[in-house]
A.B. asks: 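Below are the C-alpha cells for one structure; questions will follow.
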Protein chains: 2
Amino acid sequence: MTTDVFAVLADPHRRRVLELVAARERTAGELAAEFDVSRPAVSRHLRVLKEAGLVTCRQDAQRRIYRLDPGPLTEVAGWVDRMRGYWAGRLDALEDHLDANPEVPNASR
Amino acid sequence: MTTDVFAVLADPHRRRVLELVAARERTAGELAAEFDVSRPAVSRHLRVLKEAGLVTCRQDAQRRIYRLDPGPLTEVAGWVDRMRGYWAGRLDALEDHLDANPEVPNASR
DNA sequence: AGGTTACGTAAACCTATGGTTACATAGGCG
DNA sequence: CGCCTATGTAACCATAGGTTTACGTAACCT
C-alpha cells in the first residue's frame with residue numbers, strides 16, 4: 001500500500017488525473033477517456049490516489065465521482081519549501097566562503 | 001534517462017540526499033555513510049540527482065563534493081501551488097452549488 | 001613505484017509497479 | 001426479469017528501477 005505522496009505523484013497519469021479533478025469533479029469514465037491507457041489501468045491509478053488521500057470518491061448510482069483533496073499536497077509543498085529555505089540560509093555562509101577563496105577549486109593542476 | 005523531477009523525488013533515499021546537501025556540501029562518502037545501502041547504490045542515486053539538475057558535483061582531488069541546486073524544485077512547487085489554486089478557486093463555485101442543493105446528491109433513492 | 005583512499009561503472013538480479021485481458025458487481029431501464 | 005452501462009477486481013505479464021558484487025580509475029602518500 002503505497003502511502004508515500006511523492007511516490008504517488010511520480011506517475012504522470014496520476015498527476016494528470018489530479019489536474020483534471022482540480023478543475024472540477026469527474027466521473028471515472030470521464031477520466032479514463034482522457035488517457036490512452038485502458039480503463040482498469042486508470043481505475044488502479046484512482047485507487048492509489050484515493051489511498052493516498054489525494055482524491056475522494058462519491059458514488060452517484062453506477063458512477064463514481066472523483067474530487068481532489070489537496071490536503072496531502074501540503075507535505076510536498078512543505079518539503080520543497082524547507083529545501084529552498086535551507087538553501088537560502090546556506091547562501092550567506094557560502095558567499096563568505098567564496099569571498100575568502102576566490103576561484104581556486106584545484107590548486108595542484 | 002529519467003529527467004522527470006517528480007519521479008526523481010519519488011525515492012526516499014534521494015530525498016534524504018537532498019536534505020543532507022541542503023544543509024551543507026557533502027562528499028559522496030559522507031553521503032553514503034548515511035545510508036544502509038551500498039555505495040554503488042548511492043552513487044547511482046547521485047547520478048540521477050545530477051542528471052535531474054538537483055545537485056551539482058565539484059571535484060576536489062579524489063573527492064566528489066555534492067551541492068544542492070534547488071532550481072528544478074520550482075517546477076514541483078509550481079505544480080503543487082497550481083493544484084491548490086484551482087482547488088481554492090473551485091471552492092467558491094462549490095459553496096454556491098451546495099447552497100442551492102442542500103444535501104441531495106441522489107434524489108431517486 | 002606500490003599501496004591506499006575515494007569514487008564511479010558494469011553486469012546480473014530481483015522486486016515493485018504499471019499495463020492488459022477477462023470477469024464480477026451493482027445499479028438504472030425497458 | 002433480462003440487458004446495458006459504469007466501474008472495480010483478479011490474474012497475469014513485461015519492464016523499469018534499485019541493489020549487489022566485482023572491477024576500473026584517479027589522486028594522494030610514503
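Residue numbering restarts at 1 for every chain, and letters A, B, ... go by the order of the sequence lines. Both backbone and side-chain heavy atoms feed into the values below; hydrogens, waters and symmetry mates do not.
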A.B. asks: Could you run down the sub-3.5 Å N/O contacts of the protein with nucleotides 23-25 of chain D?
C.D. replies:
none

A.B. asks: Can you work out whether Gln62(A) or Arg47(B) has the more 5'-proximal nearest nucleotide on DNA chain C?
C.D. replies: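 Nearer the 5' end of the strand: Arg47(B).
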A.B. asks: Roughly how many Å is it from CG in Asp60(B) to P in dT5(C), rounded to a whole number?
C.D. replies: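 Rounded to whole Å, this separation is 18 Å.
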A.B. asks: Have a look at the helix from dA1(C)-dT30(D) to dG30(C)-dC1(D) and give the angle its two end axes make, five pairs each, rounded to 10 degrees.
C.D. replies: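 Overall, the helix from dA1(C)-dT30(D) to dG30(C)-dC1(D) bends by 10° from one end axis to the other.
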A.B. asks: Any protein N or O atoms within reach of nucleotides 19-22 of chain C? Criterion: under 3.5 Å, listing atom names and distances.
C.D. replies:
residue	atom	partner	partner atom	Å
dG19(C)	OP1	His13(A)	ND1	3.0
dG19(C)	OP2	His45(A)	NE2	2.7
dG19(C)	O6	Arg44(A)	NH1	3.2
dT20(C)	OP2	Ser38(A)	N	2.8
dT20(C)	OP2	Ser38(A)	OG	2.6

A.B. asks: Which heavy-atom pair separates Leu46(A) from Ala28(A) by the least distance, and what is that distance?
C.D. replies: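 Taking Leu46(A) first and Ala28(A) second, the nearest heavy atoms are CD1-CB, 4.1 Å.
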A.B. asks: Side-chain N or O of Tyr66(A) versus OP1/OP2 of dG8(D): is the shortest distance under 4.0 Å?
C.D. replies: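 Checking Tyr66(A) against dG8(D): at least one side-chain N or O falls below 4.0 Å of OP1 or OP2.
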A.B. asks: Arg14(A) side chain N/O closer than 4.0 Å to the phosphate oxygens (OP1, OP2) of dG18(C)?
C.D. replies: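 Answer is yes, contact under 4.0 Å.
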A.B. asks: Quick one: which of dG8(D), dT9(C), dG28(C) gets closest to the side chain of Ala61(A)?
C.D. replies: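 So the side chain of Ala61(A) is nearest to dG28(C).
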A.B. asks: Check side chain to side chain contact (heavy atoms under 4.5 Å, CB included) between Ala33(A) and all other residues, then give those that pass, not counting sequence neighbours.
C.D. replies: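 By the side chain to side chain contact (heavy atoms under 4.5 Å, CB included) rule, Ala33(A) matches no residue at all.
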A.B. asks: Any heavy-atom pair between the side chains of Cys57(A) and Arg64(A) that's under 4.5 Å?
C.D. replies: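 Yes, at least one pair of side-chain atoms sits under 4.5 Å.
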A.B. asks: Is it true that Leu49(A) and Ile65(A) fall in one hydrophobic cluster, defined by side-chain heavy atoms closer than 4.5 Å?
C.D. replies: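 The answer is no; the residues belong to distinct hydrophobic clusters.
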A.B. asks: Looking at OG of Ser43(A) and NZ of Lys50(A), how far apart are the two atoms once the value is rounded to the nearest 0.5 Å?
C.D. replies: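 Result: 8.0 Å between the selected atoms.
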A.B. asks: Taking atom CE of Met83(B) and atom CG of Asp69(A), what is their separation to the nearest 0.5 Å?
C.D. replies: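 These two atoms lie 13.5 Å from each other.
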A.B. asks: Please report, rounded to the nearest Å, how far the C1' atom of dA6(C) is from the CZ atom of Arg63(B).
C.D. replies: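 From Arg63(B) CZ to dA6(C) C1': 8 Å.
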A.B. asks: I need the CG-C1' distance between Asp4(A) and dG17(D), as an integer number of Å.
C.D. replies: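 Rounded to the whole Å, the gap is 16 Å.
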A.B. asks: Provide the closest heavy-atom pair for Ala52(B) versus Val8(B) in the form atom of the first, atom of the second, distance.
C.D. replies: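 Closest heavy-atom pair between Ala52(B) and Val8(B): CB-CG2, 3.8 Å.
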A.B. asks: Per the ring-ring contact (aromatic ring centres under 6.0 Å, His included) rule, what does the pair list look like for residues 40-62 of chain B, sequence neighbours excluded?
C.D. replies: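 Every ring-ring contact (aromatic ring centres under 6.0 Å, His included) pair that includes a residue of residues 40-62 of chain B, provided the two are not neighbours, is His13(B)-His45(B).
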A.B. asks: Determine all donor-acceptor pairs shorter than 3.5 Å in which one atom belongs to a side chain in residues 15-22 of chain A; sequence neighbours excluded.
C.D. replies:
residue	atom	partner	partner atom	Å
Arg15(A)	NH1	Leu9(A)	O	2.7
Arg15(A)	NH1	Ala10(A)	O	3.3
Arg15(A)	NH2	Asp4(B)	OD2	3.2
Arg16(A)	NH1	Glu19(A)	OE1	3.3
Glu19(A)	OE2	Trp79(B)	NE1	2.8

A.B. asks: Of all the heavy-atom pairs spanning Val55(A) and Tyr66(A), show the shortest one and how long it is.
C.D. replies: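 Distance-wise, the nearest heavy atoms are CG2-CD2, 4.0 Å.
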A.B. asks: Rounded to the Å, how far apart are Arg26(A) CZ and dA6(D) C1'?
C.D. replies: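 Going from Arg26(A) (CZ) to dA6(D) (C1'), I get 18 Å.
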A.B. asks: How many whole angstroms separate atom CG of Leu9(B) from atom P of dG17(D)?
C.D. replies: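 Distance check: Leu9(B) CG to dG17(D) P gives 14 Å.
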A.B. asks: Which whole-number value in Å describes the distance from Arg16(B) CZ to dG18(D) P?
C.D. replies: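 Rounding to the nearest Å, CZ of Arg16(B) and P of dG18(D) are 18 Å apart.
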A.B. asks: What's the closest nucleotide to the side chain of Ser43(A) if the choices are dA26(D), dG27(C), dG8(D)?
C.D. replies: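 Nucleotide nearest to Ser43(A)'s side chain: dG8(D).
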A.B. asks: What's the CD-P distance between Gln59(B) and dA27(D), to the nearest Å?
C.D. replies: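 Atom-to-atom, Gln59(B) to dA27(D), this comes out as 7 Å.
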A.B. asks: Testing the basics here: between Ala32(A) and Arg39(A), what is the closest heavy-atom pair and its distance to 0.1 Å?
C.D. replies: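 Residues Ala32(A) and Arg39(A), closest heavy atoms: CB-CG, 3.9 Å.
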A.B. asks: Measure from CZ on Arg58(A) to P on dG8(D) and round the result to the nearest Å.
C.D. replies: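 Result: 14 Å.
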A.B. asks: Assess whether a salt bridge exists between Arg63(B) and Glu25(B), defined as any Lys/Arg side-chain N lying under 4.0 Å from an Asp/Glu carboxylate O.
C.D. replies: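 So Arg63(B) does not pair with Glu25(B) through a salt bridge.
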